[in-house]
Amino acid sequence: MYDKNNVFAKIISGEIPVKKIYEDNILIAILDINPAAPTHILVIPKKSYIDFEDFVNNANLSDVSHYFKKVAEIAKENKVPNYRIISNIGREAGQSVFHFHTHILSGMSNLELINK
Ligand code: AMP
């Protein structure tokens, strides 16, 4: 079940201040507080979805399409020529915040990223 007190819900509501790099009515993009690469951006939908599966199965198609197009656009606008996108699904896969988000990571070698 979605926990409405998770940190991203508080960021979306403005309760927790963050370095926001993009916002529209569907999503926000912020800098990760604990970057795992020289560029580490999180793209977070504003509506409440627990993880990637919840989002693709339950969000409307136009929101899903808008979201993933924006991930690409935000990466491009932040001058990330080569990058990796990651979404951890479940605690054992490394998910620590149970509000769907995608990591955009860039500026590190593949090996360094794998070892993170
Ligand atoms: P995950 O572990 O895949 O769920 O990703 C959650 C990410 O959120 C981690 O990379 C954290 O560093 C990041 N994070 C947690 N709290 C904050 C915050 N207040 N501002 C920015 N990023 C955060």
Side-chain angles (χ1 to χ4, degrees):
M1 202 162 66
Y2 182 82
D3 170 14
K4 59 183 185 350
N5 290 315
N6 76 76
V7 65
F8 291 171
K10 290 182 178 169
I11 287 170
I12 291 160
S13 70
E15 249 176 276
I16 296 178
V18 276
K19 178 86 181 95
K20 227 178 259 180
I21 59 169
Y22 177 81
E23 178 168 21
D24 62 27
N25 57 339
I26 304 293
L27 59 89
I28 57 168
I30 65 170
L31 295 182
D32 197 292
I33 203 168
N34 184 22
T39 299
H40 190 166
I41 298 166
L42 301 170
V43 186
I44 307 168
K46 287 187 172 174
K47 289 185 192 162
S48 306
Y49 301 101
I50 294 173
D51 60 16
F52 169 76
E53 287 186 9
D54 188 19
F55 182 64
V56 296
N57 289 324
N58 298 312
N60 66 50
L61 271 183
S62 80
D63 284 6
V64 173
S65 160
H66 176 85
Y67 177 86
F68 285 108
K69 284 182 178 174
K70 279 291 168 193
V71 169
E73 222 176 278
I74 289 161
K76 199 173 169 196
E77 275 167 14
N78 284 277
K79 307 208 182 327
V80 178
N82 290 203
Y83 59 93
R84 176 175 287 195
I85 57 171
I86 295 172
S87 188
N88 297 317
I89 299 132
R91 207 173 294 280
E92 286 181 9
Q95 186 173 6
S96 61
V97 179
F98 290 83
H99 178 117
F100 170 57
H101 53 282
T102 300
H103 299 255
I104 300 172
L105 294 155
S106 184
M108 253 178 155
S109 74
N110 281 341
L111 195 58
E112 284 172 305
L113 283 170
I114 286 162
N115 289 334
K116 275 278 160 188

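Just follow the structure's listing: the first ligand is 1, and inside any ligand the first atom is 1.
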(request) List, ordered by chain and residue number, the protein residues whose closest non-hydrogen atom lies under 4.0 Å from any atom of ligand 1. (result) Val7, Phe8, Ile11, Val18, Ile30, Leu31, Asp32, Ile33, Asn34, Leu42, Asn88, Gly94, Gln95, Ser96, Val97, His101, His103
(message) On a heavy-atom basis, which atom in Ala36 and which in Leu105 lie closest, and how many Å separate them?
(response) CB-CD2, 4.2 Å
(request) Kindly indicate whether the side chain of Lys47, heavy atoms from C-beta on, has any atom under 4.5 Å from the side chain of Phe55. (result) no
(request) Not counting sequence neighbours, which residues clear salt bridge (charged side-chain N to carboxylate O under 4.0 Å, His left out) with Lys76? List them please. (result) none
(message) Enumerate the salt bridge (charged side-chain N to carboxylate O under 4.0 Å, His left out) contacts for residues 2-14, please, sequence neighbours excluded, ordered by first and then second residue.
(response) none
(request) Hey, can you tell me if Phe52 and Phe68 have their rings parallel, tilted or perpendicular (30° and 60° cut-offs)? (result) perpendicular
(request) May I ask you to list the residues sharing a hydrophobic cluster with Ile11, side-chain cutoff 4.5 Å, ordered by chain and number? (result) Val7, Phe8, Ile12, Ile16, Val18, Ile28, Ile30, Leu42, Ile44, Val97
